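As structure tokens, the structure follows; a few thoughts come after it.
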Amino acid sequence: MKGVGEPLRNREISELLYETADIMEFQQIEWKPRAYRRAAQNIENFGEDIEKVYEKKGKKGLTKIPGVGESIADHIAEYLETGKVEKFEELKGRAPSGTTELMEIRGLGAKTMKKLADALEIKTISDLKDAVNTHRIRRLEGFGEKSEGNIARAIENYEKSHSRIPLGKALPLAEEIISALKAELRIRTPEIDLSKIIYTGSLRRLKETIGDIDILAEADKVNAGKMMNAFVYLPEVGQVVSKGKTKSSVILKEGFGIDLRIVPPESYGAALQYFTGSKEHNIELRNIALREDYKLSEYGLYSKNSGEQVAGKSEEEIYRKLGLEYIEPELRENRGELKAAAKNALPKLVDAGDLRGDLHMHTKYSEGAESLETMVEKAESMRYEYIAVTDHSRSQRIANGMEIETMKEQWEEIEKLSKSFRIKILRGSEVEILKDGSLDYPDEILKELDIVVGAVHSGFASSEREMTGRIVTALENKYLDILAHPSGRLLGKREAYAVNFGKVFEAAAANGKVMEINCQPSRLDLSDELIFRAKDYGLKFCISTDSHSVPDLASMRYGLGQARRGWLEKEDIVNTYPYSRLKEVFKKLRD
DNA sequence: GCCGTTTTCGGCCCGACTGTTTTCAGTCG
């Protein structure tokens, strides 16, 4: 269970429902798992704090959430009141102890797992491993040597990477594989259209972590076979899981799964739409198609009556035929984008070309790897209009935080460099928000800075009240401009600290503070969900790389993806503003 | 268990691949 300080209990409850669905499925209960998963997904994406909804409107309020009816509402209420659900506990008690874990093994579904559990008394993953090693599985009816081998590999893969791949790793990896595939095809089959090879799935939606990398390509029948061969024989491939004419799955030597699908030109758009997902977005889209007397599949949009294809070459024409605005991949999470598209009310998402600067980076003055000049030079070559140099403040000893003297030296260097570079270099600092909420430099120093990026780097175990108080106090300080990595999470390693985001966002909005979207792949903080929520408070954001080296400066795209997933437009993001306007934003805060 | 411009009861996305089943069930996305 998550800590008491989890700001929204939505995720906690949706996880409980997902887990319950798994157990029900294992017990061969029909349909309920689907209903539970649907409810879980809607709760996960529900804009309001479910606990508040319950406090204000009771069970009635809960049933307003799509997919939540009488029964699930009862269970949620029970959970909120007592911390557990009697019925779920009972259900769990009847299933083998490791059921949830076992259900996560790919290739083994509920039916197979139940059969194995019953026949061989398998309760945990290590029991399963044991059954494989003693060859008890191949002797069961309906199983053979091959399925035993597949289970062995599935366990291995589970153990190697049952955690998901961070976006910052998956995206370069996918690009590498695609370019390797293209290089291979350029030699073997120059007639294939290489522009129609693209990554899809959660990667194309730029989700913060990715399960599998999915690649889609367009080719006719003759070329499809050649392409599949080129794919499975790439040197990066460690194991071929399956290989067919239109679909193959491989696992890279590094342990990540990659699927390649090949479709004919008339279906390319439909397939791209389908494989980009999300699953929930697609289910809803199919329902819309059905209501309009169409049938939608990965091969195209078809008239239900005549069976004739009416769209399929491009995603745009599919959405258009269904009476919808084109929906950017990052929005396809069934969080209201389909309703908005029907009303022509989608946001015009911020774009890479809109960004004019980077407001968070480090140099050798604190823990960065490069000199100030090198960072400036690189930023200028990226055609930025401005950057802020934000080395750590003095109490951040571990990161070589700057004493006031050192900072003054840095100011001199900034002044000197400003003469030889076109780009505006802002004096900044990533200033510690101390335990009591005060900032790590005296006011007369803070006053001299163009940008003060406030950050918490200590006391992660504080109570929600302490942490909220600490951050709110800092947000009330007129010298603080930006709240860096507001939740403090490290993806896959550290949960967000306990803090009441409602209060943080309120205080930030009241004081005109800017929320950072930190681009470091291990942070991506704020998360897309918190961005979406924060926007409701009328907050402005900045997308910042928090670079510690030159290559880090390129990580802007990861934060940009989260901003887009949070429905942000250019106007919501201050580092899209021209310098003159940006200066006004931060100056105003000091008045 | 949820839901309804076909329905308050009877459906619930749908097509490819795999393995061992000779005609299909299970799994995945």
Side-chain angles (χ1 to χ4, degrees), chain A residues 17 20-21 24-26 28-43 62-76 87-88 91 103-116 137-151 153-154 200-205 210-216 224 228 240-250 257-263 267 270-271 273-302 304 332 334:
Chain A
L17 294 176
T20 306
M24 286 174 161
E25 190 147 65
F26 176 80
Q28 322 292 303
I29 297 171
E30 284 191 298
W31 301 117
K32 285 190 194 185
R34 182 172 295 194
Y36 272 68
R37 290 202 181 100
R38 200 170 107 80
Q41 199 248 335
N42 285 320
I43 287 166
L62 295 178
T63 57
K64 290 277 186 306
I65 303 169
V68 177
E70 291 277 321
S71 164
I72 291 181
D74 274 344
H75 295 325
I76 294 172
K87 211 180 133 188
F88 295 172
L91 202 61
M103 294 292 289
E104 275 178 46
I105 293 186
R106 294 164 47 86
L108 285 181
K111 298 258 167 71
T112 313
M113 198 57 86
K114 182 77 166 47
K115 222 189 272 178
L116 291 173
I137 290 179
R138 64 174 66 172
R139 293 200 292 266
L140 284 179
E141 203 188 324
F143 294 84
E145 233 172 281
K146 270 205 166 155
S147 33
E148 188 175 272
N150 285 343
I151 291 171
R153 274 193 298 278
T200 65
S202 51
L203 184 54
R204 184 160 177 250
R205 305 200 310 278
I210 312 300
D212 272 351
I213 295 172
D214 296 310
I215 298 175
L216 176 74
M228 278 304 178
V240 180
V241 178
S242 67
K243 178 170 178 281
K245 286 186 190 110
T246 63
K247 184 194 169 189
S248 297
S249 298
V250 303
I258 302 202
D259 289 354
L260 173 65
R261 286 266 185 166
I262 302 177
V263 296
S267 297
Q273 194 290 315
Y274 179 82
F275 292 114
T276 296
S278 67
K279 192 174 159 193
E280 292 75 19
H281 173 91
N282 287 354
I283 289 175
E284 198 48 44
L285 193 66
R286 277 181 188 222
N287 287 333
I288 292 172
L290 287 174
R291 283 206 290 276
E292 304 278 328
D293 267 340
Y294 292 120
K295 193 174 83 80
L296 179 63
S297 75
E298 62 259 52
Y299 295 105
L301 183 67
Y302 298 90
K304 229 199 252 170
R332 301 181 196 170
N334 198 22

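Values in this document were obtained by computation on a predicted structure and should not be read as measured data. Order of the sequence lines fixes the chain letters, A, B, ..., with proteins taken first and strands second; residue numbering starts at 1 for each chain. Any value given below was found using the heavy atoms of this structure, including those in side chains, with hydrogens, waters and symmetry copies removed.
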Review point. Quick one: what's the B/S/- string for nucleotides 9-17 of chain B, heavy-atom cutoff under 4.0 Å, read 5' to 3'?
Key: ---BBBSSS
Review point. Using purine N1 to pyrimidine N3 plus N6-O4 or O6-N4 for Watson-Crick, or N1-O2 and O6-N3 for G-U wobble, each under 3.5 Å, what pairs with B:dT8?
Key: none
By the 4.0 Å heavy-atom rule, please label [X] as base, sugar-phosphate, or nothing.
| X | result |
| --- | --- |
| A:Arg106 | sugar-phosphate |
| A:Pro33 | nothing |
| A:Gly201 | nothing |
| A:Ala39 | nothing |
| A:Lys87 | sugar-phosphate |

Review point. Yes or no on side-chain hydrogen bond (donor to acceptor under 3.5 Å, both in side chains) for A:Glu280 and A:Asn42, after CA distance, side-chain angles and deciding distance?
Key: CA-CA 9 Å; A:Glu280 292 75 19; A:Asn42 285 320; over 6 Å; no
Exercise for review: Give the rounded distance in Å between these two atoms: CZ of A:Arg332 and C1' of B:dG29.
Suggested key: 16 Å
Point to revise | Interatomic distance where NZ belongs to A:Lys111 and C1' belongs to B:dT18 [whole Å] | key: 16 Å
Expressed as a whole number of Å, how far does the [atom1] atom of [N] sit from that of [M]?
| N | M | atom1 | value |
| --- | --- | --- | --- |
| B:dT22 | B:dG15 | C1' | 22 Å |
| B:dC13 | B:dC28 | C1' | 13 Å |
| B:dG1 | B:dT8 | C1' | 14 Å |

Review point. Under 4.0 Å: is that the gap between some side-chain N or O of A:Ser147 and OP1 or OP2 of B:dT18?
Key: no
Review point. Is the closest basic N to carboxylate O distance between A:Asp74 and A:Lys87 below 4.0 Å?
Key: no
